[in-house]
Amino acid sequence: MKILVCISNVPDTTSKITFTDNNTAFNSNGIQYIINPYDELALSKAVELADGGKANVTVIHVGDVASEPTIRKALAVGADQAVRIDAPPRDAWFVANQIATYAKTENFDLILTGRESIDYNGAQVQAYIAELLQIPSVSIAKRIEINGNEATIDREIEGGKEVLTVNLPVVIGTAEGVAEVKIPNMRGIMGARSKPLTVLPAVDVPALSTISNYETPTPRGAVTLIDKDNINKLVELLHTEAKVI
Amino acid sequence: MSILVYIENVEGNFKKSGFEALSYAKAIADTLQQEVYALSIGNVENTELEKAGKYGASKIINVQQEQLKNFVNQAYASIIADIAKSTGASTIILSNSFSGKGLAPRVATKLNAGLADAATSLPIIEGETWKIKKTVFSSKAIATIDLLSPLKVISLAPNAYEPSESPSDIQIENYTPKIEQSDFSTIIKEIVRATDKVSLPEADIVVSAGRGMKGPEHWGLVEELADVLGAATACSKPVSDAGWRPHEEHVGQTGLAVSPNLYIAIGISGAIQHLAGVSSSKTIVVINKDPEAPFFKVADYGIVGDAFEIVPQLIEALKRYKSN
Ligand SMILES: Cc1cc2nc3c(=O)[nH]c(=O)nc-3n(C[C@H](O)[C@H](O)[C@H](O)COP(=O)(O)OP(=O)(O)OC[C@H]3O[C@@H](n4cnc5c(N)ncnc54)[C@H](O)[C@@H]3O)c2cc1C
Ligand SMILES: Nc1ncnc2c1ncn2[C@@H]1O[C@H](COP(=O)(O)O)[C@@H](O)[C@H]1O
């Protein structure tokens, strides 16, 4: 089985988010990057399925050379090789086209992404890839089992879950529950250095959208503290002031 | 030209987010002097279909076929794109629900349209360019997306646009699509839905609790408060990690992002990763025994004290309020 895991590079969750160029560009100065947490789940699931040889795992990242530490970390977790498409990840449509173009040449049985990235929170890449490849996709998977050529997946739906089966190949967006996050060990880290990392040029993709401005949300006013012996006051304020009950 | 709105249903009932999408579409259609057409796929009765008229649709296209009873994203995407083409829709609007997320990029690809996902504002229309806002970096920022393509797909964030009635005469048009078997590669085995509970992603009110509740045996209190308010329940990550609550209740950076009208946080410290998933809630109430808990900094109302004393009193106070 050949598995492709799509890895994005996102600001560490505690990062302060600021913008430059008159609020038109994200300021990456001083930002610590990590593997998107959902992609860690995807990668951990892939490595679990491979279980030391039952599958071959490729990680792919669209981004510039600065994200190679993230790719090496993915190799340290247990991927066999990596591909980097050498271009800034302009948007989900661009990224998905790069990944689909690469995937067309390789016939993967399983393509895993995170359910969404925690920077742009698009949850788009996964369905775009599937549509470009004309194969099925499952957007928010909480459990994945592979049996021969068939995947059984629990998909999250509002207020519950759907259990479905699908024949490979399929693109799946992973959420909590699919796997325990694997932390790289020393052997993995050492081994990662000599695993193949191929850099490929990007294909041209006309833009259908662009981000023209960023702003920070207006801060809330100061908290109104209510005495714990006067709970009725809270109920009253929720009704008359906040108008939410 | 027209705007096409796909409305999801659950067991034959339209979702509230569908009416939000219709109202949103109606507001755009009014500025552009276009019609709003709704689209329903699945087994929905006429009385339900007619409800789309209340929110401004002049026509609803009804696709009802046994094979399409349940959501299959490839098949649904094909149908939505085909109907968009045949009705000459310039804009396709759907809700950014769990299913919508798997659908919108496919529809956009088929139509070579730009996609504004999880939209939180009406577009500012500047000729062919539409400017639409969405929250990014886990609610730490808001981005303006410029849609540049002639055809546009917008998936509307849940709870971002208040449904408003705008009654119009509605015509129901039954439609039998051509369907390709290759669009049905996923087979649904089972759907499990907790019908007695308010669904968290769509809830107007969320009662959420953290490690301050000490253990799963105390969740009766959280549930009782939620019941009085007609709210959904949620929790912090350590709570679901410890197995006190199911994973789907976990909100925050690595869990679900919610933006209800009212979010009540009980015994949650307010770590940045937690806030990432809840800070766009309209009103936030925090109950915490530690006056220094970071959550108070982003709260509208706060009570400093022991949850085990405060929550029962709050339940009583709300019951009194409700009975008046
Ligand atoms: C990469 C990453 C991703 C993460 N993602 C998430 C996420 O998505 N969601 C999330 O929630 N967390 C997430 N976390 C964890 C997060 O950093 C915090 O550890 C977590 O939110 C803390 O949960 P808590 O507030 O329930 O527990 P604690 O931090 O232990 O806080 C408990 C609170 O309860 C109060 N308390 C105790 N007893 C009482 C009482 N009797 N009455 C009233 N108050 C009481 C305490 O004062 C305290 O403020 C993530 C962390 C990392 C590193
Ligand atoms: N630059 C990238 N390179 C490779 N994969 C990516 C990239 N950006 C996003 N992805 C994948 O697509 C998923 C969803 O991202 P998004 O659609 O941006 O929310 C992520 O969890 C990754 O698996």
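In what follows, chains are A, B, ... by sequence order, proteins preceding strands, each numbered from 1.
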Can you tell which part of [X] gets under 4.5 Å to a heavy atom of chain A, answering side chain, backbone, both or neither?
X      : value
B:K322 : neither
B:A299 : both
B:K289 : neither
B:L200 : neither
B:A276 : neither
B:N70  : neither
B:I205 : side chain
B:D300 : both
B:S139 : backbone
B:A113 : backbone
B:S279 : backbone
B:I284 : both
B:Q273 : side chain
B:S280 : backbone

Where does [X] contact chain B at under 4.5 Å (heavy atoms): side chain, backbone, both or neither?
X      : answer
A:L234 : side chain
A:Q126 : neither
A:I140 : side chain
A:E116 : side chain
A:S139 : side chain
A:V235 : side chain
A:A130 : both
A:K16  : neither
A:P219 : neither
A:L237 : both
A:Y38  : side chain
A:P217 : both

Which atoms form the tightest heavy-atom contact between [X] and [Y], and what is the distance?
X      : Y      : result
B:S95  : B:E8   : OG-OE2, 4.0 Å
B:F296 : B:P291 : CD1-O, 3.6 Å
A:V178 : A:A141 : CG1-O, 3.3 Å
A:L168 : A:D109 : CB-O, 3.5 Å

When only pairs under 4.5 Å are counted, which of [options] shares the most heavy-atom pairs with chain A?
options                        : value
B:D146, B:I191, B:V136, B:T109 : B:D146
B:N261, B:T129, B:D183, B:T283 : B:T283
B:K140, B:K152, B:K131         : B:K140
B:I188, B:L256, B:I272         : B:I188
B:R106, B:K189, B:E190         : B:R106
B:S138, B:G230, B:S99, B:G255  : B:S138

Item to complete: Measure the CG-CD distance between B:L148 and B:E128 for me, rounded to the nearest 0.5 Å.
Response: 8.5 Å
Practice prompt. Step by step, work out the side chain to side chain contact (heavy atoms under 4.5 Å, CB included) result for B:L275 and B:F295.
Written response: CA-CA 8 Å; B:L275 298 182; B:F295 222 140; 3.5 Å; yes
Which residue out of [options] racks up the most heavy-atom pairs below 4.5 Å with chain B?
options                        : answer
A:V166, A:I118, A:I157, A:T216 : A:I118
A:T18, A:L164, A:T165          : A:T165
A:A127, A:S209, A:G160, A:A222 : A:S209

Is there a donor-acceptor contact under 3.5 Å from the side chain of [X] to the main chain of [Y]?
X      : Y      : value
A:D91  : A:F94  : yes
B:R245 : B:T233 : no
B:N96  : B:A119 : no

Item to complete: Take atom NZ of A:K182 as the centre, draw a 6.0 Å sphere, and report whether it contains more than 12 heavy atoms from other residues, nucleotides or ligands.
Response: yes
Regarding [X] and [Y], does a basic nitrogen lie under 4.0 Å from an acidic carboxylate oxygen?
X      : Y      : result
A:K161 : A:D154 : yes
B:K134 : B:D117 : yes
B:E202 : B:K16  : no

Classify the side-chain pair [X]/[Y] by whether it contains a donor and acceptor separated by less than 3.5 Å.
X      : Y      : value
A:N147 : A:T152 : no
A:N213 : B:K133 : no
A:N230 : A:D227 : no

Discussion item. Measuring only between side-chain heavy atoms, which start at C-beta, is A:D119 closer than 4.5 Å to A:F26?
Written reply: no
Worksheet entry | Parallel, tilted or perpendicular: rings of B:Y263 and B:H274 (30°, 60°) | tilted
Worksheet item: Should the pair B:F71 and B:Y76 be assigned to parallel (<30°), tilted (30 to 60°) or perpendicular (>60°) ring geometry?
Response: perpendicular
